[in-house]
Each structure stands twice: as structure tokens, then as C-alpha cells.
Amino acid sequence: MATDTLKSTPGAGGATSGLRRLLLDNGALTALIVLVVALSALSGDFLTTDNLLNVGVQAAVTAVLAFGVTFVIVSAGIDLSVGSVAALSATVLAWSATSHGVPVVLAVVLSVATGIVAGLVNGFLIAYGKLPPFIATLAMLSVARGLSLVISGGSPIPFPDSVSHLGDTLGGWLPVPVLVMVVMGLAAAVVLGRTYIGRSMYAIGGNEEAARLSGLRVKKQKLAIYALSGLFAAVAGIVLASRLSSAQPQAADGYELDAIAAVVIGGASLAGGTGKASGTLIGALILAVLRNGLNLLNVSAFWQQVVIGVVIALAVLLDTVRRKAGATPVAAGTGGGKGKQAGTYALAAVVTVAVVGATSFLHGGSAASTAPRMGLSLSTLNNPFFVQIRAGAQAEAKKLGVDLTVTDAQNDASQQANQLQNFTSSGLGAIIVNPVDSDAAGNSVKAADKASIPVIAVDRGVNKATVNALVASDNIAGGELAAKTVAEKLGGKGRIVILQGQAGTSAARERAEGFARGLKAYPGIQVLAQQPADFDRTKGLDVMSNLLQAHPDVQGVIAANDEMALGAVKALGSKAGRSVQVVGFDGTPDGLTAVKGGTLYASVAQQPSQLGRIAVDNALRAVRGKKVEPTVKVPVKVVTKDNVAGFSG
């Protein structure tokens with residue numbers, strides 16, 4: 001009845017009713033237009049060709065993943081494994097082509113086959129094993145991520161040059177990832193709208209039992225549906241690794257949530273039966289535009305997560321309002337309405353260009369700021385060490401009159417690549433980067449070099465690219481100091497365990513190398529176990545608790561950062577500082593407090609606030625054309641109870 005009412009409102013109110021229906025029928029498109037117009041008004045850096053291409057590149061991986069997830073959601077399923085399958089597929093390609101000399105073409109086939117096999121396993125567990133999709137794909141999420149780490153040994157693997165071109169541009173301006181996104185989007189649209197399997201998806205999602213009774217082989221169709229999801233995940237993984245020039249075992253972590261969000265924002269229902277590729281693309285673009293715009297507006301990294309969550313909720317709420325108002329979603333493949341849909345998108349484009357063009361006048365006559373503008377991309381702000389780097393950088397920027405934008409990559413190399421691209425397209429005076437991974441940051445830094453923007457690396461270097469300066473402590477030397485400190489405290493003999501950092505990160509690798517080098521000088525020290533705790537205090541507590549069950553006689557602990565060391569101290573209880581000596585790394589405030597209290601024997605301090613301060617100083621020197629030393633070393637220092645009172649990070 002509601003639909004009939006909307007259709008039968010001719011006369012004077014026809015135009016208003018038509019506009020209302022246009023907006024209701026295209027809630028995601030309306031939200032995208034509003035975002036573009038608002039960000040164009042708020043930021044003069046948003047509406048540039050380079051930045052809009054950045055948005056396309058940043059949406060590409062999520063969109064390709066989401067196209068595959070669309071198949072699953074339309075059929076009333078869910079796939080939580082696509083991010084891990086993407087990482088595994090990329091790792092298989094790099095491992096086979098680089099480490100084992102497999103021809104690149106065959107390696108690509110193996111990579112795609114890996115994604116398809118993972119999808120088939122999901123489909124088999126769901127269709128024949130009767131597992132709920134949530135459980136089956138959650139299990140695959142863990143299995144695929146674990147296999148990626150096993151195959152890579154926890155370290156990034158260089159990507160073949162011939163495949164890395166997928167992360168390049170055509171003609172020097174058109175990004176290949178955008179082309180891949182368009183091609184995969186068209187393929188998804190054809191599958192949904194023009195094929196038997198596509199019609200089967202809608203039938204299964206609408207009513208699985210009715211589909212079965214009508215003669216549809218539901219189990220076999222589910223195998224095909226999840227295999228398609230795995231195929232699209234493999235392509236997304238290859239594109240992502242191409243952008244980073246390396247297969248990262250921790251890549252695409254959490255991307256499955258973005259993919260699901262893009263599908264739902266695009267108008268699909270988690271109950272199944274509705275959804276289309278064009279809506280999914282719009283959903284992915286909304287997420288990319290939002291993240292890009294918040295970076296440009298210098299919104300706090302923590303508030304960005306809040307804003308994105310609110311926008312997702314509002315977009316879905318708008319879709320609910322649309323449905324209640326009688327705007328019926330058009331399922332792909334139902335026929336009719338194609339010309340009307342194309343006209344809708346054309347009209348939306350015209351309206352957007354007109355409004356955005358008008359808002360450009362808001363920025364056209366504004367005077368340029370005299371303060372030097374810089375960007376600081378940190379690997380994470382979920383760790384006190386990097387929070388101190390930020391504090392030192394912000395204090396120095398304020399002192400020098402520098403406009404500093406700080407972003408948080410959340411230990412995601414791809415997200416950091418996006419942030420660095422945003423900095424480059426904004427025309428900042430200088431960029432300071434604390435890489436999630438030294439190899440993965442290379443391509444983004446090359447783009448900044450090409451734009452003649454000085455780049456300063458802090459704490460970790462950048463491989464395969466030129467930086468104006470590296471401001472860092474020596475992680476390997478620090479690791480050797482940590483090993484020497486615990487060994488000497490134990491008198492050269494004893495049993496220890498090592499808590500390693502997050503697998504795949506350069507800091508974890510370098511510190512582990514330092515531990516190994518330092519312990520070579522002490523053959524009496526026996527390493528009982530080495531386990532990763534991901535630089536996290538809670539994981540440090542859990543891992544140490546587990547290790548104590550197998551090794552209750554442990555006498556020493558080396559942790560790759562203070563957070564894990566403090567978790568170990570908690571697990572050890574009264575043993576910490578007495579029968580078991582714990583050495584941390586970083587010299588964080590909590591770590592130094594534990595050193596004062598005697599529960600943490602020592603911390604190898606890197607003086608993080610000094611790293612941030614010196615990085616800003618050198619960036620400003622580079623902006624002003626002054627000479628900058630290629631390497632600025634901030635010395636590490638072993639802080640114990642004897643000297644902690646006089647130490648300041």
C-alpha cells in the first residue's frame with residue numbers, strides 16, 4: 001500500500017514527491033553526495049584531481065572484497081574470512097614466485113586458486129557440514145591468517161616486479177587499482193544480474209527452503225557462492241600487496257568488517273535477498289571518502305573511529321527509513337529500470353558537480369596560511385611509546401609555529417599508505433613517517449619524493465625509497481643491550497623466555513635479531529621459549545601465564561616492549577623482580593614506574609619524545625632548504641632502579 005501511495009501522487013506535488021522518492025530509493029548515493037559536498041566546503045584540499053584519485057585507490061581493495069561479500073550476503077550468508085584469505089593469497093604468490101622461482105603467471109594462478117579453495121572450504125562446511133556461516137568463516141579467518149604467518153615466517157615477502165605494476169598508474173595519472181575495481185565491479189554486476197548463479201543467490205537469500213523445493217541445488221550453489229567470494233578476496237589481496245610492493249602476513253586485518261559495512265551501506269540486507277554491485281561500490285566509496293576527508297581535516301585518529309561508526313549507523317538507518325516509506329530495493333537481474341537507474345546516477349553526478357563547483361568559491365579567495373604545514377603518520381597510537389613520539393612532535397611543532405597533522409595507521413601498512421597519499425595530495429611542506437613496515441612504506445614515500453615533498457623517517461627507516469633523514473634509535477643495538485642486561489643480572493647462566501613483538505613488523509624483527517646477537521656472548525643462558533605477544537600488555541599477560549605452566553623454573557624474561565614486559569610482570573606476581581628478572585624495551589612512563597618499584601628490572605629506553613622533537617626540527621630544516629643529516633641517532637639507554645630518577649624520555 002505504501003508503494004502504491006508513493007506512485008500515485010501526481011499534480012502539483014509531483015516534482016517534490018519525485019525528488020523525495022529519488023532520495024529514498026538511493027539512500028547510499030544521497031549520503032555519498034552529502035559527504036562530497038560537505039568535505040569540499042570544509043577542506044580546500046579535498047576537491048583536487050590527485051586527491052579524488054587517492055580516494056579511488058583507497059576504496060579499491062575494500063570494494064573488491066565487498067563485491068565478493070555481496071554474493072554471500074545476498075544469499076543470506078556472511079563471510080568473515082575475506083581479509084585473511086586476501087593476505088594468504090598474496091603471501092602464496094610472493095612466496096612461490098620470489099622464494100621458490102615459480103613463474104609469475106603460475107604463481108598468480110596459485111594465488112587465485114588459494115582464494116577459491118578457501119572459499120570452497122567455507123562453502124563445504126556451511127552447506128554439507130551444517131555449520132553456521134559465522135562460525136565456519138570465523139574459523140577460516142584464523143586458519144588463513146595463521147597459514148600466511150607460517151608461510152612467510154612472520155616477515156613481509158617482496159612482491160614480483162611484474163605484478164607490482166598493479167599498484168602503479170597508467171599514463172602517469174590513472175591508478176591501476178581503480179581500473180581493477182571497475183572491472184571487478186562490472187564482473188560482480190554481470191554475475192548478479194545476468195547469470196543463473198546470480199538469480200540463485202537472490203532465491204536462496206529470499207527463502208532457502210522455497211528455493212530448494214523449486215528444484216534449486218542449494219548446497220552446490222553455496223559452494224559456488226563462497227568460492228566466488230574467495231576469488232574476489234584473492235584479487236583484492238594481490239592488488240593490496242602490489243600497492244605495498246610486498247606481501248604482508250598481517251595485511252587486510254579487519255578488512256572483512258569494512259567489506260560487510262560497504263555492502264550494508266550500499267543497500268543490501270543481512271537477511272538476504274537484496275543487494276547490488278553498484279550499491280556496494282557506493283558503500284566502499286563512502287568509507288574511503290570519509291577516511292580521506294577526516295585525515296584532511298586533521299580529526300583525531302580516535303574520533304575518526306567514532307565518526308565512521310556513527311556514519312555507518314546513520315546510513316543503515318536511512319535505508320530502514322527508505323524501506324518503511326515504501327521505496328522497494330531493486331534486485332539485480334529483475335529486469336527493467338536499467339535506464340532509470342543510469343539516469344539517476346547521471347543526475348546525481350550533475351547535481352554533485354554543480355554544488356561542489358559552487359563550494360569551491362569558499363576556498364578560492366582565502367589567504368594561504370603562513371605556518372609551515374606538516375603531516376606525521378604514526379604506526380599506532382595504541383602504545384605509550386608512539387604516544388610519546390606524538391607528544392614530543394606536537395610540543396616542538398607548537399614551539400616552532402608548525403601546523404602539524406597527526407594520523408594513526410593502527411598497525412595497518414595499507415592504511416598508512418593511504419594516509420601518506422593524502423598528505424602528498426594535500427601539498428604539505430613535509431611528511432614525517434613512522435613506518436608500520438619499512439618495505440611497505442616505500443611506494444608512498446616515492447610518490448612524496450616525486451612531488452618534491454621532504455620526508456623524514458622516525459624510529460624506523462623506509463626501504464626502496466629516499467628520505468631526507470632518519471631519526472631513530474638502533475633497535476638491533478637496543479636488543480643486544482637488553483640481552484646483555486638480563487644475562488649479566490643472572491650471572492651469565494640461567495633460563496629465560498623471550499616475548500616477541502607483532503609478527504611481520506620491522507621493529508619486532510630488528511629487536512629479535514638484537515636479542516639473538518646479544519645472547520651469543522652468553523652460552524650459559526638457555527632460551528626456554530620465544531612467543532609473540534604483539535606488543536600488547538594483555539597478550540603479554542596471557543602468553544607469560546601460559547609459558548609459566550610449561551616452564552615454572554624460568555629466571556628471566558626479555559620483552560620487545562614495556563607493554564609486554566608489564567603483562568609478564570603481572571603474570572609472574574611476587575616472582576617479578578625477585579626470582580625472575582624482567583627486561584623491557586622503550587622506556588615508557590608505566591615501564592619506568594615499574595623500574596622504580598623494582599618489579600621490572602630494566603628497560604632499554606629510546607627517549608621517544610626526543611625522537612618526535614628532533615623529527616619535527618629536521619623536517620622544518622628540510623622545508624627551509626637547510627642541510628639535514630641523513631641519519632640522526634638518538635642513543636638508547638638501559639634504565640634501572642639505580643639511574644631511573646635522573647632519566648627523562
Side-chain angles (χ1 to χ4, degrees), residues 63-86 88-89 92 108-141 143-144 183-238 256 259-260 263 266 268-277 279-280 331-334:
V64 174
L65 283 176
F67 291 139
V69 173
T70 302
F71 302 142
V72 176
I73 289 180
V74 164
S75 60
I78 198 75
D79 193 346
L80 300 176
S81 67
V82 289
S84 296
V85 171
L88 175 60
S89 299
V92 167
V108 171
V109 172
L110 287 174
S111 173
V112 172
T114 298
I116 294 173
V117 169
L120 286 172
V121 172
N122 282 335
F124 181 83
L125 292 175
I126 293 164
Y128 294 93
K130 302 298 183 182
L131 287 183
F134 182 92
I135 299 300
T137 58
L138 183 63
M140 180 56 70
L141 177 153
V143 169
V183 170
M184 298 306 289
L186 291 173
V190 169
V191 169
L192 285 168
R194 301 291 184 182
T195 65
Y196 174 75
I197 181 65
R199 292 190 292 274
S200 300
M201 294 174 191
Y202 288 104
I204 294 171
N207 189 319
E208 182 174 331
E209 183 62 16
R212 186 185 67 80
L213 292 174
S214 66
L216 194 65
R217 296 180 178 180
V218 173
K219 291 182 178 180
K220 290 186 177 180
Q221 296 302 322
K222 284 188 176 181
L223 283 177
I225 290 167
Y226 281 91
L228 280 171
S229 180
L231 168 63
F232 275 69
V235 173
I238 293 171
E256 57 277 350
I260 293 169
V263 177
S269 170
L270 289 174
T274 62
K276 49 189 179 182
T280 295
T334 56

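Residue pairs meeting the side-chain hydrogen bond (donor to acceptor under 3.5 Å, both in side chains) criterion with at least one member in residues 66-81, sequence neighbours excluded: Thr70-Thr280, Asp79-Ser81, Asp79-Ser229, Ser81-Asn122. Each salt bridge (charged side-chain N to carboxylate O under 4.0 Å, His left out) pair with one or both residues in residues 213-223, not counting sequence neighbours, appears once here: Glu208-Lys222.
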Discussion item. Assess the residue pair Leu270 and Ile73 against the criterion (side-chain contact (heavy atoms from CB on, under 4.5 Å)); give the C-alpha distance rounded to whole Å, side-chain angles, the decisive distance to 0.1 Å, and a yes or no.
Written reply: CA-CA 6 Å; Leu270 289 174; Ile73 289 180; 4.0 Å; yes

Discussion item. side-chain contact (heavy atoms from CB on, under 4.5 Å), that's the test. Do Val82 and Val72 meet it? Break it down for me.
Written reply: CA-CA 11 Å; Val82 289; Val72 176; over 6 Å; no

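Residues passing the ring-ring contact (aromatic ring centres under 6.0 Å, His included) test with Tyr128 are Phe124, sequence neighbours excluded.
Closest approach of Leu120 to Ala227, counting heavy atoms only: CD2-CB, 3.7 Å. Here the closest heavy-atom approach between residue Thr274 and residue Ser269 is recorded as OG1-N, 3.3 Å. For the pair Ala66 and Val263, the tightest heavy-atom approach, listed with the atom from each and the gap, is O-CG2, 3.4 Å. Nearest approach of Gly273 to Tyr202, heavy atoms of both residues: O-CD2, 3.2 Å. In terms of heavy atoms, Ala144 sits closest to Leu88 at O-CB, 3.8 Å. Minimum heavy-atom separation, Ala234 to Gly115: CB-CA, 4.1 Å.
Side-chain contact between Met201 and Leu228: present, with at least one pair of heavy atoms (C-beta onward) separated by less than 4.5 Å.
Distance check, rounded to the nearest 0.5 Å: CG of Leu192 to CD1 of Ile197 gives 10.0 Å. The CE atom of Met184 sits 10.0 Å away from atom CG of Leu65, with the distance rounded to the nearest 0.5 Å. In this structure, Thr137 OG1 and Leu125 CG are separated by 10.0 Å, a value rounded to the nearest 0.5 Å. Atoms CG and OG, from Leu110 and Ser89 in turn, are 10.5 Å apart once rounded to the nearest 0.5 Å. Distance check: Gln221 CD to Tyr196 OH gives 5.0 Å after rounding to the nearest 0.5 Å. Between the CD1 atom in Ile78 and the CG atom in Leu138 there is a gap of 11.5 Å [rounded to 0.5 Å].
Tyr226 and Phe71 have their aromatic ring centers separated by at least 6.0 angstrom.
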